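Written below as structure tokens is the structure these notes are about.
These numbers come from a predicted model, not from an experiment. In the text below, chain A, chain B and the rest are named by the order of the sequence lines, each starting its count at 1.
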Number of protein chains: 2
Amino acid sequence: MNKNNTTPQRGRPAKSGRDSSQTKQALVQSGVQYFTEFGFASSGIDQILKKVSVPKGSFYHYFASKEAFGIAVIEEYSHYFAKKLDLHLLNETNKPLMRIVNFANDAKEGMARYNFKRGCLIGNLEQEVGLLPESHRLQLLDTFAVWQQKMTCCLQLAQQENTIPASLDCTALASFFWMGWEGSIAKSKLTKNLTPIDTFIDVFLQLIAK
Amino acid sequence: MNKNNTTPQRGRPAKSGRDSSQTKQALVQSGVQYFTEFGFASSGIDQILKKVSVPKGSFYHYFASKEAFGIAVIEEYSHYFAKKLDLHLLNETNKPLMRIVNFANDAKEGMARYNFKRGCLIGNLEQEVGLLPESHRLQLLDTFAVWQQKMTCCLQLAQQENTIPASLDCTALASFFWMGWEGSIAKSKLTKNLTPIDTFIDVFLQLIAK
DNA sequence: AACTATATTAGACCGATCGTCTAATTAAAT
DNA sequence: ATTTAATTAGACGATCGGTCTAATATAGTT
């Protein structure tokens, strides 16, 4: 975002060979991993730095504080997830409810790939909210609002298709979906298998189908 | 459990005046509060002790380790919650679905009373499972299994009454309920209001009603 | 070539815990 | 008086938290 390789870099060069924005991005991605697995409070800056071979002294060059770093991490994940969501929920080659199923399958893959250790950053931090700075709390709320909006649209499409009853309030149903979703991800972390997610999706679809 | 006031206490008397089992119980209750609000990893033994005026040196007299203490804390909460659940779900003066509503209202009171800072110990620890000893993980699974069984029975009652469709698998539905429930408690902590819980219960009941 | 500005790093800083343990203290039992 | 049991005092070393200052290395400027 900041500098590209056409402009020569001033200052002492990074040990890693990355330029400024690459290093920043690498740190954020490492943060996503650690925060998703261990939460904000229990993740140390040391580990996060070590993973991408950035020296400790550099951290406060790139970020003003752990809080500021957290904001960047949440933002990164939010963008990543919103993209994934659009990929499935706006895929016009599939019917609306099928899009939800596809999204769930995508997420299930991720759960298994990381051995059920990660789950959803937003859901994990949500539980930790009592230990988080207020800025993070608001950011999490924003993120959920975006996801909810996307899901609402998808459900409305299903409604227009007459796949689900017209009597349903799609906004409330979308909120309901995400609460159950986060619950199922958490349960899946606990059981270390995909059964909870499957149960959630199956029952959800069965309940809303006409 | 251990000693009552009829048998005189040997050894140096506790500063607090409590006997052995009272002190242990006080520690466990303090642990419930802290673990529920801050999780296992972020709760310090010091704080837990201070809250009930038990000196630090005493901790390892009462518990073999923090892990063992955690087991006692989870057990205490599980019992407490199972009792609350029975109180509502087995209350024959109400129809099955009304019992669920009453349970939810009870829980909502608790959420508000603690200013949305605590929520559900089991749900909170569930998210933290990556940082927990395996013994805790299994205990959490057990606890959920018990809750799920209780809810299954209640839903089956509703089914027998013909309040909900006979086509529903009550076991799956109970699992679904608890995932959504935990999700709604977490969301309620985030929003600092009861709207998520209300939405969850409302939509759930609407979806399963005939 | 000397100097300034900028970018990055090295590594220490200190306070706060962390969970645990050993020795001392206090009382009842013998 | 001595032993046994229960509780406490307080230190223990280790880790690690987030942060900061000074040193280093490059590019731009004169």
Side-chain angles (χ1 to χ4, degrees), chain A residues 1-27 31 34-35 38-73 131-133 136, chain B residues 1-27 31 34-35 38-73 131-133 136:
Chain A
M1 301 279 192
N2 212 4
K3 299 259 174 66
N4 55 18
N5 51 6
T6 62
T7 310
Q9 281 284 111
R10 267 209 193 191
R12 179 174 176 168
K15 196 190 68 174
S16 62
R18 287 181 281 243
D19 73 12
S20 178
S21 70
Q22 283 174 328
T23 301
K24 202 163 183 172
Q25 184 64 13
L27 284 173
Y34 275 98
F35 290 169
F38 303 110
F40 183 75
S42 297
S43 294
I45 289 175
D46 271 333
Q47 327 165 267
I48 294 168
L49 288 162
K50 187 181 279 182
K51 180 130 199 174
V52 286
S53 303
V54 173
K56 181 158 191 186
S58 299
F59 185 79
Y60 285 85
H61 171 66
Y62 292 104
F63 299 97
S65 64
K66 196 189 184 187
E67 173 173 354
F69 179 62
I71 292 174
V73 167
L131 300 164
L132 261 36
H136 292 176
Chain B
M1 299 280 193
N2 214 3
K3 299 259 172 70
N4 55 18
N5 50 5
T6 63
T7 311
Q9 280 284 112
R10 267 208 192 192
R12 179 176 178 167
K15 197 189 67 174
S16 62
R18 288 181 282 242
D19 73 12
S20 178
S21 70
Q22 284 174 327
T23 301
K24 202 164 182 171
Q25 184 63 15
L27 284 173
Y34 274 99
F35 290 170
F38 303 111
F40 182 76
S42 296
S43 294
I45 289 175
D46 271 334
Q47 329 165 264
I48 292 167
L49 289 162
K50 187 182 278 181
K51 179 131 199 172
V52 286
S53 302
V54 173
K56 180 156 191 185
S58 300
F59 185 79
Y60 284 85
H61 170 64
Y62 292 104
F63 299 96
S65 63
K66 198 190 184 187
E67 172 172 354
F69 179 62
I71 291 175
V73 167
L131 299 163
L132 260 37
H136 293 177

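Across all their heavy atoms, A:I48 and A:S43 have their closest contact at CD1-CB, 4.4 Å. Contact detail for A:K66 and A:F40: the closest heavy-atom pair is NZ-O, 2.9 Å. For A:L131 against B:S42, the heavy-atom pair with the smallest separation is CD1-OG, 3.7 Å.
Remark: C1' of C:dC18 and CG of B:L49 are 13 Å apart, rounded to the nearest angstrom. What separates CZ of A:F63 from C1' of C:dT9 is a distance of 16 Å, to the nearest Å. When rounded to the nearest whole Å, the span between CZ of B:F59 and P of D:dA9 equals 16 Å. As a whole-Å value, the separation of B:Y62 OH from D:dA5 P is 17 Å. A straight line from NZ of B:K50 to C1' of C:dG19 spans 17 Å, rounded to a whole angstrom.
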Atom pairs, protein N/O to nucleotides 13-18 of chain D N/O, distance under 3.5 Å:
unit_1	atom_1	unit_2	atom_2	d
D:dG18	OP1	A:K66	NZ	2.6
D:dG18	N7	A:K56	NZ	3.3
D:dG18	O6	A:K56	NZ	3.1

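Dashed line: the shortest gap from a side-chain N or O of A:S58 to OP1 or OP2 of C:dT8 is not under 4.0 Å. Phosphate contact (OP1/OP2 of D:dA6, side-chain N/O of B:H61, threshold under 4.0 Å): absent.
Checked against side-chain hydrogen bond (donor to acceptor under 3.5 Å, both in side chains), A:Q47 has no partners two or more places apart in sequence or in another chain. With sequence neighbours left out, the salt bridge (charged side-chain N to carboxylate O under 4.0 Å, His left out) criterion links A:K50 to no other residue.
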